[in-house]
Every structure is written in C-alpha cells, then in structure tokens.
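As the structure is a prediction and not an experimental result, all values here were calculated from the model.
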Amino acid sequence: MCRTDRDGGWIVAVLARWCFRHKWLVILLWVAALFGIGTAGRVAGDTYSNVFSLPNTESSKVIDLLDKAVHDQSGESDTVVWHVDSGSVRDASVRQRITPMLDKVRHQKDVGQVVSPYDAAGAAQISKDGRTAYATVTYDVLGAELDKAQVHDLVDTAHSARADGLQVELGGNIIQSVEEPPAGLSEFVGIGAAAVVLFLAFGSLFGMLTPIVTALFAIGISSSLITLLTHTMNVPDFAGQLAMLVGLGVGIDYALFIVTRHRKGILSGKSPEEAAVTAVNTSGRAVLFAGGTVCIALLGMFTVGLSLLYGVAISAAMTVVVSVLAAITLLPAMLGVFGQRVLSRRQRRKFAAEGPRTGDAVGAAMRWSTFVQRHPKSLAAVAVVVMAVLAIPTLSLRLGSSDQGNDQKSSTTRKAYDMLADGFGPGFNGPLTILAEVPGGAKDKAALDGLVTTLDHTKGIAYAAALPMQPDSTVALVRAVPTTSPQDKATTTLINHLRSDVVPAAERGTTMKAYIGGPTATFKDFASVLGSKMPIFIGVIIALGFVLLLLAFRSLVVPLTAAVMNMVAAGASFGVLVATFQWAWGGSLLGATREGPIDAFLPVIMLALLFGLSMDYQVFLVSRMHEEWVHTKDSARAVRVGLAETSRVINSAAVIMICVFGAFALSGVRVLGMFGIGLAGAVALDAFILRTVLVPSLMHLFGTANWWLPSWLDKRLPHMAVEPAEETPAAPRGGAQDMALVSSAD
C-alpha cells in the first residue's frame, strides 16, 4: 500500500509553513533572485539564433555545400523595391531620386555592397513592364549584429526617395524585425485582462494581486534565464515570447488553484496559516504534478530530433519549473502578508456574522453538475458533435512556413513582397536554388547545360538560369523561379517533381550530382521531417499521460478517457487554427492577412502544451472526484461533487489563460497569432466542453467502471496520487493517504 504522508509528503507542508512564517525573508530572496538574474541577463545580452539542421535532406546538403563554396557571402541581405504608377523606372525623374538614395545607403555603417538595377550587374532587376525594380543591400555582418538604429537608418533613407507616383518599400528579415510590435505589449494586455477576471472572481484586490505578482516574478526570472541560455545553445527568437506566454498562463493558473483552496480553508474556520499550509499541501501538490507533466510533455519535443525545437522545449519547461517554485514558496509567503485580506470585504463580514462555512458546494456549480448527472447521454452527444464539427478543417491541415507575404498589409515588408510578386511573378519571393556538383569533364558541363534547359521548359518554372561559376570551382548554382508563390501547394508538388524526375534524368550517365534547395525547399523539407516524426511524438506524450494518470488514480478508464480527450481537443483546436489562418478567416487583426500553410513547428509545440494543460485540468477535476470516491464509494456522488467543487476554478483558470493567449493573437505577428488562437481555442474547448460537459457525462455513464483496475495490476504498480484530503486524520486508510503526491513500491 501507499505509505503515509510522513514518508515524504510532509515536506510540502513543512515548506509551506516555513515560507508562511518567514514571509519577508522568502519575499526578499525572490526579489534578490529577480534583480540578480535580471542584471546578469542584461549584462550578457541575448544571442537568439534560428539556426537548425535537417539531416539527410537535400536542402540541408545545399546549405552545407553552399557554405563551403561562398562562405564569405554570409552577411545580412535586404531588398529596396520601388514601383512607378506610370512611365518606367528607367525614366530620368525616377533615377534622379533613387540613385542618390542608394549612394547614401552604400556609405552607411556595415554596408558591404549595393547592387542597383541601373548598374550592369543588376540589369535583370527591372521587371518586364519596366514599372518595378529592386536593389539588393548586403551587409558585412549578420543581421543579429546590426542594431536597430542602423536598420531604421536604412528604412528612413529608402523612404526618403518616395514621391507622388513613386512607391519605395523594403524587404528582408532584419527589416521585418523592427516592424514588430513593442516587446511586452501582448504580455501587458494579457496581465490586465487576467487581473480583471481575478478581481471579478475573488472580489478582493489582494486576492487578485497574489497570483499576478507570483506569475510576474516567475516570468521575470525565467526571461533572464532564457537570455543566459542563448549563450549555451541555439534558441530561436520566438522561444522567449512563447515561454512568456506559457509562463503567464500557468503561473497565474497555478497560483489561482492554491489561492482558491486557501480562501476556502479560511472560510471553513482555519487560521490563515493553517489554510495556507493546507492549500499548498493539497492543491499545491496537484500543481507539482501538473507542472511536472507539462515539463515532461515539453521535453518530449526532443523525440522529434530537430535542434530548432530543443531551445524552445528547454525555455518553456524552465519557465514552468520557476512558476511551480513560485507557487509553492513565494505564494504562501504572500498569503502570510495578506492574511484574511485575500477574502472580499463582503466575505469577511459574512464570516464574522455567520461563522465557518462547511458542506458541499452550492449554487450554480452544483445545479450544473446535477443537470449533467441527469442528462449524460444527450449532453455527451452534443459535445461530441460540436467537437467533431470544429475538427473537420483539420483534415485540410497543410504544413509550411509563414513569410513576409503574411505580414500586415500596412507593413513595408508586405508591400515590398507584393510589389516583387506583381512585377516579377508570384514565385520570385521564393526562388529555388539548384546546386550541382560537377567534378569536371565535358559530359558534366553538358549535363549541367541540359539541366538548365530542361528546367527552363518545365511546367511550373517561370525561368531558370545558371549563375557564373567561380574559377576552378566544382560547384555550379542554378536559380529557378517557380510560377507559383512559395506557400502555394503547387510549389511543393513542383519540388517533388524536380527531385524525383527532372534532376535524376539530367544526372543519368554522368558524375554530376544536383540538389534542390533554397528557403522554399528548406521549409518544405522541414514540414516533411516534422510530419514523419509526429506519430512518434504523439504516441510518446499520450502513453506518458496514460501511465501518469494510471498511477495517480488507480484506474484504466480515467487515463484512457483522458487520452481520447487529448486527441479530441487537439483535432478541434487545429480545426480552429486551419480555419483562422490557413483559410484566412481570422482577418488582419489576428495576423491572418492571406491564406497560407500552418507553420510546421507549431503543431509539435502546440501538442506538447495542449497535452500539459489538458493534464492540468484533468488532474484538478478527477483528483477531487477520486477523493470523494475513496470516501463514499458512490461514483455518481463522486462525479457530481467533484465537478461542482472544481468547475468554477477550472473555468476561471481557463478564462485567464484565454485572455493571456488571446492577447498574443492581437500582436499582428502571424506566428504569435497562431500560437495565441491555437492555445486559446484549445483551452476554451478543453475547459468549457470537455472537462465541464463531456468528461463528467461519460464518467456518469461509466459508473463504477471509472475506478476499475485489475487486482493483479494494482499489486504491481507503485502508488502515486495527486492530492490528499483536507482532513487527513479523519480520512480512512487508502483515502487521504492514497491522495498524497508520493510514490513507493508495495
């Protein structure tokens, strides 16, 4: 049998009591950590890197060979594009404005080369109709080494050439970065919305401040730790914002669960200290369990085998760890400072007049729970239909990558993208780079010429041309521009056709070896690799969740139900994502300015987070049901009471997460918008339909089978449970003790 709280569970209670009694010391230590780690992060600075590898892919081979052949041409490269409403870009009036502007750009700091269409080397940089042209600006350093002042100087200089009938815009990664909304804006909006929800839920300023302050400490320290992490491994630039999004959501939610239990303890007659210790020793343990499952799910991204996701996984998991630590140490210290002021004034007055409040939950929560008990079949059917309808768009899910064609219509990068597409064709923004190894001999040269000719006449290729080879080089480059845009499905089909048919035919009978690469092919390979690894990843996290819930609740039906619910929630949330962004139903407000594929890495990250967050709600819901089942052996009562006592806090937590995630959807950045909408939709569906309707309905239908476990399996499994009953001494053996977050062999 599971050992009692004295074999390890007491540590949580002792820690909570110590933090409550030494509140000012604990708060001082957290403040010191915030400023100390924050200072270290500011001094070190960040070195975010979007470098990733795709082993055993053609695009990766092209990158490796290209780096060896032209390793000195690795600086930031941006584009200045101009378009005239009438006449030609060759007109003297246009050249008189553009040429001086390009000369100024040439003399700016770190600019190595400017290739103008008015020079012989850039003669092809004017569209056939003569109304659009572009110049390439290449820096001597990487984009990460340029400061924003240099980028703004380039933008301002280029825009100074504008005139009536002459539009000048810029494209490039570094240009895009300076047009993004100010850092912290989404976080500020999310925190503000969460504060309103908490105040409405608690009716107390101090009750509202406690989870907010706890989460702010956690994300403040985590953001600095992530900055330091960028010096030890490759961390993509979106990892920090994603980690903050996760940190705000789980940080506030975890604190909310504990504060809610603390307030309930005070109202039941406990002193603030005993209420805080009980809250951490009950809901705090569930937080430890839930936080652990989120971290494990996030680290499950390592099974995909793509280095780009390693930094994301560690950054987000580290943020969750700090959030959990804050919830079980800083939070009880703050509860010690605020005392009974975490209750509203009305609650304090009522408590003083009427005394402690005990018994089962009453009100709307109990009425809804009773309604679910009476109509489980019809409610389950409605919930299944709703989730199935929302999941239909998932069948059209197409993985790819966002580009500057998905930027806001008002941005200079989007305007430049559209001008180039209109002037030079839709595929101009995503050319294919064909790299051919030609060891030598007339036969290889002839094969290369034949490849270029074949490409130029291949359906789907607008034009193809070989670039001049370096003396004594055995590597040749061919640039092929598709007739379709980089995000068009036809472009993916074209790449497959070139690799399977066109290039092998040209190689036959020669020693030439050619590979299809370039940004468009790279993102296509990235999507393919991720797609092939998804079944393994999904299998790992689903199996993990099944085992954890099996150990916690000594049941086969509960973890099996949770696994199915996770898949249902994933399908429905991806359906919302596809409709919003792939079909562009979301509008410019959400960053869905045009149709395009879902970024390939997003499903992996979303599934990891969704799994973790779903486990949170499942744990908080079923742990209370299990506690009641252990005491009464009445399954109907256990489900009814468990839902009534947890639905309000789960729904409040969900509303807070929706506010936080939804705020990121308003950033105007497509990738962040996808994260925000995807996670907000997943949380909403999970909390309001699955955990509030479908799961309890099914559990009522299953009856006592919910808690069935073969005796032979029960004897062999270690005991691990989530949350002890509040009144441990009065609990029967196997009840409160089985709910302790401990694990031991029989």
Side-chain angles (χ1 to χ4, degrees), residues 54 57-74 77 79 113 115 117 120-128 134 136 138 403 420-421 424-486 488 490-526:
L54 294 170
T57 61
E58 284 199 27
S59 56
S60 177
K61 184 72 172 178
V62 170
I63 292 172
D64 294 339
L65 292 174
L66 198 59
D67 182 59
K68 295 177 182 178
V70 289
H71 59 275
D72 56 332
Q73 300 179 16
S74 57
S77 182
T79 306
Q113 184 183 40
V115 179
Q125 296 171 192
I126 298 177
S127 63
K128 291 181 179 179
Y134 68 93
T136 57
T138 304
D403 58 25
L420 289 171
F424 297 89
F428 184 82
N429 288 292
L432 302 178
T433 299
I434 295 90
L435 186 145
E437 292 180 294
V438 283
K443 185 177 289 188
D444 284 352
K445 300 294 184 182
L448 177 63
D449 293 339
L451 174 61
V452 174
T453 301
T454 303
L455 288 171
D456 205 30
H457 291 85
T458 298
K459 184 180 179 181
I461 298 288
Y463 61 88
L467 303 182
M469 290 181 62
Q470 299 292 326
D472 302 324
S473 175
T474 59
V475 174
L477 295 177
V478 178
R479 187 171 185 264
V481 176
T483 57
T484 51
S485 70
D488 197 308
T491 305
T492 300
T493 303
L494 172 65
I495 294 172
N496 291 333
H497 172 57
L498 295 179
R499 287 175 170 172
S500 60
D501 301 318
V502 177
V503 170
E507 293 173 342
R508 196 171 295 121
T510 72
T511 58
M512 181 185 77
K513 195 69 178 173
Y515 310 94
I516 309 294
T520 304
T522 299
F523 289 124
K524 183 263 180 192
D525 288 343
F526 187 53

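Smallest separation of non-hydrogen atoms from Ile434 and Ala514: CG2-CB, 4.2 Å. In plain terms, the two heavy atoms of Pro117 and Tyr134 that are nearest each other are CD-O, 3.3 Å. Nearest heavy atom pair, residue Arg479 against residue Tyr463, reads NH1-OH, 3.7 Å. Considering every non-hydrogen atom in both Ser59 and Arg499, the closest pair reads N-NH2, 3.8 Å. The minimum heavy-atom distance linking Pro486 with Pro426 is given by the pair CD-O, 3.7 Å. The minimum heavy-atom distance between Val452 and Ala465, with the atom names listed, is CG1-CA, 4.2 Å.
Partners of Asp403 under the side-chain hydrogen bond (donor to acceptor under 3.5 Å, both in side chains) rule, at least two apart in sequence or in another chain, are Tyr417, Gln487. Taking the side-chain hydrogen bond (donor to acceptor under 3.5 Å, both in side chains) definition, one finds that Thr484 meets it with Thr491, sequence neighbours left out. With sequence neighbours excluded, no residue forms a ring pair (Phe, Tyr, Trp, His ring centres under 6.0 Å) with Tyr515.
With values rounded to the nearest 0.5 angstrom, Leu455 atom CG is found 11.0 Å from His457 atom NE2. Note that NZ of Lys61 is 9.5 Å distant from CG of Leu435, once rounded to the nearest 0.5 Å. Put simply, CD1 on Ile461 and CG on Leu494 are 4.5 Å apart, with the number rounded to the nearest 0.5 Å. Between atom OG1 of residue Thr136 and atom CD of residue Gln113 there is a gap of 6.5 Å, rounded to the nearest 0.5 Å. With rounding to the nearest 0.5 angstrom, the CD1 atom of Ile495 is 7.5 Å from the CG atom of Asp525. Atom CG in Leu498 sits 9.5 Å away from atom CD in Glu58 (nearest 0.5 Å).
Considering Thr492, Asn496, Thr57 in turn, Asn496 is the only one that fulfils the side-chain hydrogen bond (donor to acceptor under 3.5 Å, both in side chains) rule with Lys524.
Considering only heavy atoms from C-beta on, Pro482 comes within 4.5 Å of Leu432 through its side chain.
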Exercise. How far apart are the C-alpha atoms of Val115 and Thr138, what are their side-chain angles, what is the distance that settles it, and do they pass the side-chain contact (heavy atoms from CB on, under 4.5 Å) test?
Worked result: CA-CA 9 Å; Val115 179; Thr138 304; over 6 Å; no

For this session: I would like to know whether Thr522 and Val62 meet side-chain contact (heavy atoms from CB on, under 4.5 Å); could you show each step before the answer?
Result: CA-CA 9 Å; Thr522 299; Val62 170; over 6 Å; no

For this session: Take Leu451 and Val502 through the side-chain contact (heavy atoms from CB on, under 4.5 Å) test and state the conclusion after the steps.
Result: CA-CA 8 Å; Leu451 174 61; Val502 177; 4.3 Å; yes

